[in-house]
Number of protein chains: 2
Amino acid sequence: MEEPRKRARPGRSPAPTGRTSRPRQAEVARLAGVSQATVSLVLGARKQGATISEETRRKVLDAVRSLGYVPDPAASRLAAARNNLLGVFSFTSTFPTDVQHSYYPFLVGVEQEAAARGYDLVLFTGSSTGGAGAAGPHALNRVRLADGCLFLGRHAPADELLRLVADGFPVVHLGRRDELEGLAWVGADYVSASKEVVSHLAGLGHRRIVLVREDDEAPASTDREHGFLKGLAEAGLPGGPAAVFRSADPEHDLTAERLRGWLDDGVTAFVAEETDTGDAWRALHGAAHFVGIDCPRDASLALLGSPPPDLSDGPTPTGFDIPRPQLGAAAVRMLAALVAGEQATEPLVACAFRPGTTAGAPPIHL
Amino acid sequence: MEEPRKRARPGRSPAPTGRTSRPRQAEVARLAGVSQATVSLVLGARKQGATISEETRRKVLDAVRSLGYVPDPAASRLAAARNNLLGVFSFTSTFPTDVQHSYYPFLVGVEQEAAARGYDLVLFTGSSTGGAGAAGPHALNRVRLADGCLFLGRHAPADELLRLVADGFPVVHLGRRDELEGLAWVGADYVSASKEVVSHLAGLGHRRIVLVREDDEAPASTDREHGFLKGLAEAGLPGGPAAVFRSADPEHDLTAERLRGWLDDGVTAFVAEETDTGDAWRALHGAAHFVGIDCPRDASLALLGSPPPDLSDGPTPTGFDIPRPQLGAAAVRMLAALVAGEQATEPLVACAFRPGTTAGAPPIHL
DNA sequence: GCGCATTACTAATACGCATTAACGATCCGG
DNA sequence: CCGGATCGTTAATGCGTATTAGTAATGCGC
């Protein structure tokens with residue numbers, strides 16, 4: 001008996017659609033009179049030595065056109081064992097309603113670089129309570145669906161991150177993170193950039209310069225101080241504790257009296273760090289205004305970063321810009337390298353010096 | 001003969017990486033002491049009658065957690081299931097350097113709604129100018145990796161889009177697009193919103209109202225005019241061509257004389273459409289200012305949309321806001337419905353009326 | 001003409017997961 | 001205690017493409 005055995009085919013039940021589904025390589029092959037493998041070889045521009053005659057190539061391509069064949073990316077990626085997907089994880093929403101605090105500028109670079117390298121991006125948010133994330137303790141595991149993952153912000157739980165790294169999953173953190181052993185990261189080179197600002201001031205003739213910073217231990221802060229002091233040393237200027245004013249609440253502590261005191265002591269330039277809040281710069285800016293300083297005639301100001309939005313109207317502060325798009329791009333480069341099993345690339349990205357209008361030559365004392 | 005044939009494995013060369021690769025269902029199965037099929041059954045919450053003992057389920061889930069297993073989206077997709085991924089594709093950069101032109105506000109809603117429904121988002125980087133796989137005539141094809149795809153902006157090539165639709169791939173376009181037969185879209189309900197603005201003005205007592213619009217045929221423009229006229233009709237006010245001022249260059253054509261003419265004719269309220277450039281509103285605003293109109297005392301102004309960035313400082317114009325996040329959310333809802341094989345959901349999203357400060361009662365003629 | 005290299009192609013997998021027929025075990029009624 | 005029903009699990013297969021070993025055909029040198 002030849003009867004179509006009930007046993008038949010396990011596997012999927014194709015639910016024999018009358019609809020002509022879109023063509024497969026097999027159908028192209030049939031039409032061109034070649035094998036499916038040949039179709040694959042013609043279409044995939046292998047670097048390998050597989051040689052195809054011009055005649056065959058033409059037949060295949062004709063068949064492809066006439067059938068309107070388009071490859072199935074799911075199958076390609078499965079067979080090639082690569083998804084060409086990079087994850088982007090942010091613990092807070094990737095697209096917060098408040099644009100100010102968003103990762104937008106980074107994403108500009110991330111998207112560009114990923115596109116240039118042929119990767120697509122999978123967006124994950126730790127904040128998503130419902131649904132996919134199943135925001136349990138293992139929420140981070142979801143990112144394993146990508147070939148590697150980029151982390152934005154410092155809210156990702158350290159242990160989970162390290163677990164991924166330990167498992168050999170390619171991970172890059174955007175923002176310095178050397179307290180986590182083995183975690184790859186990219187960050188802005190605040191040391192060099194801060195040093196450059198000080199060098200600029202020194203070059204203008206300033207001999208006493210004070211740094212105003214907030215009272216925390218974030219690498220972003222200590223790096224700036226480090227660069228600041230390095231710049232002083234390199235210019236042969238006095239460093240030491242007196243050169244750094246550190247306060248948990250600069251807006252309150254940086255009084256007019258204190259500012260006048262510095263001026264009387266011969267300080268001619270002030271440098272503030274940039275922070276989330278922008279408090280250091282706001283305090284410095286406010287005190288200088290209150291005392292009636294004509295900047296840069298009476299004294300010079302510089303900002304190690306960009307001004308907070310509420311002060312972005314004023315004169316452009318001398319300082320440097322954090323190249324956020326470039327940081328994003330650098331992170332993608334490093335991640336792509338890790339995915340490819342290569343060495344991590346350079347983690348530090350240079351900041352761009354911003355001349356601005358708040359620094360000039362020191363006043364001449366007669 | 002049973003000998004282990006040298007012929008061995010064609011197919012891929014696994015390139016035996018020492019690196020622990022991402023775990024597969026097979027490894028989960030081994031760890032749990034069950035078969036791969038069982039793992040699949042446990043993970044995929046089939047409606048089918050496959051019954052799994054609580055004991056086994058627990059063992060499998062434990063193994064999944066301990067290995068950090070996550071299903072491979074490509075494989076899931078290929079096996080004719082779904083991978084809980086929704087695509088987002090924009091032909092221009094999704095994160096342009098110029099924030100003004102970005103899709104950002106839409107993405108806020110897209111992300112939220114997708115997360116709420118348990119989908120992850122894949123950002124297909126279609127913008128790639130140069131570089132690897134992204135560009136090319138079949139760039140759109142990549143989206144087939146996801147369960148469905150959202151398209152932003154009107155630059156996606158129509159033929160490719162329709163091809164996807166024809167193949168039964170779920171697609172939703174954000175922004176009205178009825179010139180493409182069969183393409184699902186969501187858009188703002190400009191007709192109702194414009195009508196509401198007119199009703200508001202009529203309610204304040206205005207009897208003659210003029211619409212200033214640019215000279216194009218975009219649905220966004222014609223919808224507004226349609227709603228405007230509908231509003232007039234409903235209030236029993238005179239419509240007709242005289243009520244609409246249409247100009248390719250309103251800033252040039254909307255002269256002070258013309259404005260005075262309208263005022264002399266008893267027009268007490270003016271409405272401008274919002275466009276990319278914001279020219280209509282800018283022209284109206286400028287002319288009114290030039291003529292010395294005290295708004296809303298001498299005449300009322302309204303804007304069918306939001307003001308351009310350069311005019312966002314002035315008084316809040318009466319009009320409506322385009323609910324971009326809601327549009328994004330609505331698009332995801334519709335896409336999810338299509339993916340589930342259901343009917344498309346409501347394509348129109350209501351705009352929010354914005355009272356503003358530029359409209360008031362008409363001046364009293366003695 | 002025989003070995004050997006080269007060319008042009010095909011056969012046979014494998015990728016990771018979902019699906020389903022089939023199978024062993026247990027339970028039940030008669 | 002035997003046939004059938006039910007439950008829980010597995011073996012076997014397919015999705016569509018990429019890869020590679022193998023092979024038939026041809027060319028080349030001597």
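Residue numbers begin at 1 in each chain, while the letters A, B, ... track the order of the sequences.
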Taking [X] as the fixed residue, which of [options] is the one that meets the side chain to side chain contact (heavy atoms under 4.5 Å, CB included) rule?
X	options	value
A:L335	A:V172, A:D147, A:V88	A:V172
A:L86	A:L121, A:L150, A:V110	A:L121
B:P347	B:M334, B:H173, B:R177	B:M334

Of all the choices, [options], which nucleotide is nearest to the side chain of [X] once you look at every atom?
X	options	value
B:A37	D:dG8, D:dT10, D:dT17	D:dT10
A:S40	C:dT10, D:dA12, D:dT19	D:dT19
A:Y69	D:dT17, C:dG16, D:dA11	D:dT17
A:L41	C:dT10, C:dC17, C:dC15	C:dT10
A:A79	C:dA18, D:dG16, C:dT10	D:dG16

message = Counting neighbours of CD on A:E342 that are heavy atoms of other residues, nucleotides or ligands and sit closer than 6.0 Å, is the number greater than 12?
response =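 For A:E342, atom CD is crowded (more than 12 foreign heavy atoms under 6.0 Å).
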
Measure [atom1]/[X] against [atom2]/[N] and give the value in whole Å, please.
X	N	atom1	atom2	result
B:L43	C:dG16	CG	P	16 Å
B:Q36	C:dC15	CD	C1'	13 Å
B:L78	D:dG14	CG	P	13 Å
A:L145	C:dC17	CG	P	11 Å
A:R82	D:dT17	CZ	P	18 Å
B:N83	C:dC17	CG	P	12 Å
A:I52	D:dT20	CD1	C1'	13 Å
B:N84	C:dA18	CG	C1'	15 Å

query = Hey, does A:V39 reach any base, or is it just sugar-phosphate, or nothing, if we go heavy atoms under 4.0 Å?
reply =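 No contact.
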
request  = Scan B:T38 against the nucleic acid and name what it touches under 4.0 Å (heavy atoms): base, sugar-phosphate only, or nothing.
outcome  =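 Counting heavy atoms under 4.0 Å across all strands, the contact made by B:T38 includes a base.
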
request  = Calculate, to the nearest 0.5 Å, the distance between atoms CG and CZ belonging to B:L174 and B:F151 respectively.
outcome  =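 Reported to 0.5 Å precision, the distance equals 12.0 Å.
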
Strictly below 4.0 Å: does [X] bring a side-chain N or O up to OP1 or OP2 of [N]?
X	N	result
A:Q25	D:dA18	yes
A:T51	C:dT7	no
B:T56	D:dG8	no

